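A quick write-up on the structure given underneath.
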There are 2 protein chains.
Amino acid sequence: MATASSCEEQEPVTIADRVFNQLREAILGGKMAPGQKISEPELASSYGVSRGSLREAIARLESCNLVERKPNVGARVITLSIEELMEIYHIREALEGMAARLAADNMESEEISELRKIVETQRNEISGGNYAYFLKEVDLDFHFRIIQGSRNRRLIRLLCKDLYDLVRFYRASFSASSPRPEEAYQEHSAIVAAMERGDGEMAELLMRHHIRASRENARRSFEAMQDEPVTGQTARQ
Amino acid sequence: MATASSCEEQEPVTIADRVFNQLREAILGGKMAPGQKISEPELASSYGVSRGSLREAIARLESCNLVERKPNVGARVITLSIEELMEIYHIREALEGMAARLAADNMESEEISELRKIVETQRNEISGGNYAYFLKEVDLDFHFRIIQGSRNRRLIRLLCKDLYDLVRFYRASFSASSPRPEEAYQEHSAIVAAMERGDGEMAELLMRHHIRASRENARRSFEAMQDEPVTGQTARQ
DNA sequence: TCATGATCTTTTGTCGACAAACCTAGAGAA
DNA sequence: TTCTCTAGGTTTGTCGACAAAAGATCATGA
């Protein structure tokens, strides 16, 4: 089955495209530390491309909010504080709530059935004691399908291309996961139930509640990591 | 008084900055038609800069969603259909609703007093029969201040820098204004009242209602323009 | 010892030139 | 007439080089 996780990532056609994808994966995969300087000559020779192409790739990374650039100074990988992560969660709450409302109106009934199947898969994985990587993939699949179901192309781009990248970046840079599978399953199930009834308003409320809970969970796990910095890479530059 | 309408536009420091600002103003001011091809050699010589700098400016316009680029083909000014404008309004509804909720919690009481003053200014202008340019400025000021009051920097950037530009672009390209001053005043006043009570949830609901009404107004005025294309530049390429 | 300033190196911003891809116009065949 | 294919011109993608700005280093003086 085609996993919907990688939300329509088009294959590179130009050199700048390729370098952009590679750099993006390097940043999201944690291979470049937050705040790290991006040296144009160094990276250009490392990727074997000219500085011009690299600069275009950097410009695109900047438009994804993955790097910050200062004139005449250069570009750095962003640093996400916990406050900024909270900001992102607030935006996600508003936008994914709207997406759930629109999806309840616009998704075909068979698409909603597939959503139900995803949630059941999630339940089986949990009862099987599987808390691993696959579970996170299923979670992403659930959210992405609802976002796609909104049929609002700009909303889809905003959420999948920009905001989810940032959350992924935060997870990579702080190596903070701490999912809460049982609660998430319950909430997902309730959201799908509302959509099955065609109740967009309730779907929105439940989705917002779900993301709010996820936000509080992230905040708590951050504070726990602060108190006990045993292996915590508190990247505080 | 410093008008908050121009949401912190930093002055250009590099050539690409300057060209970006000029092109942006040209597009938003209606001097470049929707869908118009952006020829790099032509514009570069017209602005007296090299193609490299111009390409960087275009890349930044693309990140604002004001131009679309296809590899090996080139860039065009975007064309906003009415459906896409409706998409933008849905996003604004979600985000500005959230902004109003956060602003109710985070704005100082004196800031809220200034909001009240703005709404009163609006009422005076309306009762004075002044439906002109200034009224739209006041409206923008109202919305921008609430957005700023959310204290959520990413939300501020998203709304002021990206989405409002697109609405402004749509107004310029379709020359569709048709405000509804009385209703807008009532709704603004109710929003401020909720914020004065510190009722963030109600502020969010009222803001969403306000933007929903604005969306329906835009849709109606579009349909009216469709039926009676006397001077309507139905830019349907 | 510390602050201050000058000099030098590195990095970024900008430019012009070349190669590849695309679009267009015209000739030829069905 | 209409379709197809080719040739030409134009535009974009890419590259290396130069100038200006920022940062680093070291010397000087209080």
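A, B, ... follow the sequence lines: proteins, then strands. Residue 1 opens every chain. The shown structure was predicted, so the numbers you read here are calculated from the model rather than taken from an experiment.
- Between A/Lys37 and the phosphate of C/dT12, there is a side-chain N or O to OP1/OP2 separation shorter than 4.0 Å.
- Taking the centre and axis of the six-membered ring of B/Tyr164, the NZ or CZ atom of B/Arg92 falls inside the cone set by 45° and 6.0 Å.
- A distance-only check finds a donor-acceptor pair linking the side chain of B/Ser173 to the backbone of B/Phe169 [under 3.5 Å].
- Between D/dT12, C/dT11, D/dT14, one nucleotide has an atom nearer to the side chain of A/Ser50 than all others, and that is D/dT14.
- Phosphate proximity of D/dT14 to A/Thr14: present, with a side-chain N or O under 4.0 Å from OP1 or OP2.
- Applying the side-chain hydrogen bond (donor to acceptor under 3.5 Å, both in side chains) test to B/Glu68 and every residue at least two apart in sequence or in another chain returns nothing.
- Separating the CD atom of A/Glu42 from the P atom of C/dT11 is a distance of 8 Å, rounded to the nearest angstrom.
- B/Leu155 contributes atom CG, which lies 8.5 Å from atom CD of B/Glu96 (distance to the nearest 0.5 angstrom).
- A heavy-atom distance below 4.0 Å to DNA chain C is reached by these residues of residues 52-59 of chain B, ordered by number: B/Ser53.
- Look at CZ on B/Arg18: it is 13 Å from C1' on C/dG13, rounded to the nearest Å.
- Side-chain proximity of B/Arg51 to C/dT14, D/dC15, C/dC18: nearest is C/dC18.
- Using a 4.0 Å cut-off between charged nitrogen and carboxylate oxygen, A/Arg69 and A/Glu62 count as a salt-bridge pair.
- Counting all heavy atoms, side chain and backbone alike, B/Met32 lies closest to B/Leu23 at SD-CD2, 3.9 Å.
- Annotation: of the two residues near DNA chain D, A/Val73 and A/Asp17, the 5′-most nearest-nucleotide partner is A/Asp17.
- When the nucleotides D/dC15, D/dT11, C/dT12 are ranked by their closest atom to the side chain of B/Ser39, D/dT11 comes out on top.
- As a whole-Å value, the separation of B/Ile15 CD1 from C/dT14 P is 5 Å.
- Rounding to whole angstrom units, CZ of residue A/Arg76 and C1' of D/dG23 are separated by 12 Å.
- Atom CG of A/Leu43 is separated from atom P of C/dT11 by 11 Å (rounded to the nearest Å).
- Going from atom CD of A/Glu40 over to atom C1' of C/dT11 covers 8 Å, rounded to whole Å.
- For the residue pair A/Ser81 and A/Glu84, a side-chain donor N or O sits within less than 3.5 Å of a side-chain acceptor on the partner.
- To the nearest angstrom, P of C/dC22 lies 20 Å from CD1 of B/Ile38.
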